[in-house]
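Inspection log for the structure reproduced underneath, given as structure tokens.
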Amino acid sequence: MSETATLKIWRGQDKATGKWESHAVPFERGQSVLDGLRWIRVNKDPSLAIRFSCINANACKECMMELDGETVYACTARLEPREMAVAPLSNKILVRDLVTEIAPPAERFAVKEK
Amino acid sequence: MAEPIDVKTDVLVIGSGAAGMYAAIEAARAGCSVLLIDRSLIGRGGATVMAQMTVAVALGAEAPDHWSHHLHDTLTAGRGLCNEPLSRLLCEEGPACIKEMDSWGVGWARKDGKITSAFAPGHDRPRCVYVDFLNTGPAVSKTLRIVVHKTKGITRKGDLCVIDLLKVDGEVAGAVAWHAESGAPVVISAKATIVATGGLTRLYRRNSASTNMGGDGYALCLRAGAPLIDMEFVQFFPIGHLAPRLIGMDPIMWDPFRYKLGGRLLNKDMADFTDRYGVPEDGKYVITRDLGTYAIIKEVEAGRGSQHGGAYLSFQHVPAEKLREAFGPVIDRLADNGIDLTKMPVEVAPIAHYHMGGVAADVKMQTEVPGLIVAGEAVGGANGANRLSGNAITEAFVFGREAGRTAAARAKTMQAVPGGNSAARASVELIRGDPPKEMPNSAEMLVRLQATMSDDVGPLRTADKLKRALATIGELDSELGDRPFGDGGAFDMQRLDWFDLRNMLTVARTVAQAASLRTESRGAHQREDFPGMLPQWRVNQQIRLDTKGLKIDQLPASPIEMAAQ
């Protein structure tokens, strides 16, 4: 039987009401955690919010998140055939699911309440 | 429902790769207020940051060179289809931009105090500057980010995904963007708008650029009335990494290895094979991108491919200390991935890399539509049917700088920023529209589009394959419908996919239709049912969008004087 990785993902738009959600992902040696998250979007739930641009090169530095409590780039963190807990950065403002505000303040578009 | 947020600027620059950042710097230096936006973070996405090594320029620092030699090689590689004035601009102005980047501290590799150049296939002499190790793209991006930061008059804003250009009285007057982080519509009014959104490699399953390179600029310009040209010419990079799977490495990383160390491209019998396709290599890197791609695909079709369906690339004959000298820390990153190049080959296969086609523009980067200016890979024509190694970053600098000047000159002739609120209405309504009842999986639709483009509109094409691709694109179009998916809230990836698919399907159609019409093989466009290059096809196909759909005209290519020499 083929191996699976279980990604336990924090979902939500508000720290108070967010919840954990688990997905089994087919495991293949040489995959990254980002590959696993992208697999979930294509095969299970396209509403999962993740921020990434370069996919595999670790050039864009956008896919920062917490894996088992440690800050990682999802594209360089190896997927492993076990349960892995993935959460948004706890020291940044939450946007949705695994996406946080990581841009420098001057480069963020301010949306004023009207 | 959120009211659209209004923003005004002299010059709007869409896209923050090298072309967009250079354009922003140049327009601000001319005294304009500039708003530099990106759908992602500023100066981190796109293609520039992914560049591994070569930047072609006739600098003549180490050995004599002249831009006319660079132009000759560019036109030859372009297989008779280059827009010669654009190619000439790239080659002639390249040295000034490379020197300016040097003065900004990019750190071009030096030998004995002089900027050194590598030899790349298709060039008649060593002509490609670079930053070690495999660091050209990150160094270029970082340098330009710093200069953008220091240049007075540039405002930078990320997470703004442009949905449509704003058109007022037949002229482009800014853009309507969707703010991904909040879901809010943003109406940007501008005296001049520069589209620097890069290419379309995301249309393909295996590609070497960022996920935000889905050809959105081509679709935006087409909808705004500007024609596209040469859309059938998608460059595949022959030796994209295939296996074993690597983490944290750019798939085009083997190019620098070949530039510096040669390497051997081998089939499943560990035998050289490119000579079978007319290019004996003998351990040197001389095969151009179109021929390399063709040779690998044909070798795989003949049953002589590598285990995962590509070719082997071997550096086993290169001593460990030489590998270390050439690539230092990269050797350690390979070791972390279980790869020892002295003991094993890797597998490589063609991967979508660059788009020769794009928006039609003159040497001022002005499109047919007043107010709409383009820069970088978004511009079509400078590289004809096949791009020479190293011309992409040079083109980004030169065309970006020119676009910035043109935009500033236009902005200075205008008193007020044109108001575009009523023209923006339809796009604003789309952004905050309700989703349809049934929503297919948008991420899966993207995968399906990439599959048909890779399998049926890849490097080797036939009438049947192209017909099948167009049918699939039509099905995806119906599934997409005219109402955006998702809840429209913060960072709504389904809505982002929907807007991306809206552009990608249009652009995919331009590639497939132009490829169907071109019944010959030339450069990056290879028709298995029409294998020869035909003189009557020395034409550029120009595409417009009208109420009935895409309209394709065939225009004679510009006279090539130097290529014939």
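Labels below follow one simple rule: chain letters A, B, ... track the order of the sequence lines, proteins then strands, and each chain is numbered from 1.
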Using non-hydrogen atoms and a 4.5 Å limit, figure out which bit of A:Val99 sits close to chain B: side chain, backbone, both or neither.
-> side chain
With a 4.5 angstrom heavy-atom cut-off, could you sort out which part of B:Asp159 is near chain A: side chain, backbone, both or neither?
-> side chain
Contact origin within A:Tyr73 toward chain B - heavy atom pairs under 4.5 Å | neither
Check whether A:Leu48 gets within reach of chain B through its side chain, its backbone, both or neither, counting any heavy atom under 4.5 Å.
-> backbone
Quick one: do the B:Asp255 and B:Gln52 side chains pair a donor with an acceptor below 3.5 Å?
-> no
Flag, side chain of B:Glu479 to backbone of B:Pro440, donor-acceptor distance under 3.5 Å = no
Given the options B:Val49, B:Leu36, B:Leu41, which has more heavy-atom pairs under 4.5 Å with chain A than any of the others?
-> B:Leu41
Is it true that the side chains of A:Ser47 and A:Arg11 contain a donor and an acceptor less than 3.5 Å apart?
-> yes
Contact part of A:Asp35 toward chain B, heavy-atom cut-off under 4.5 Å: side chain, backbone, both or neither?
-> side chain
Side chain, backbone, both or neither of A:Gln31 within contact of chain B (heavy atoms, under 4.5 Å) | both
Is chain A contacted by the side chain of B:Ser442, its backbone, both, or neither, given a heavy-atom distance below 4.5 Å?
-> both
Top contributor to chain A contacts, counting heavy-atom pairs under 4.5 Å, from B:Thr155, B:Leu446, B:Val186 | B:Val186
Chain B contact via A:Cys54 - which portion, at a heavy-atom distance below 4.5 Å | both
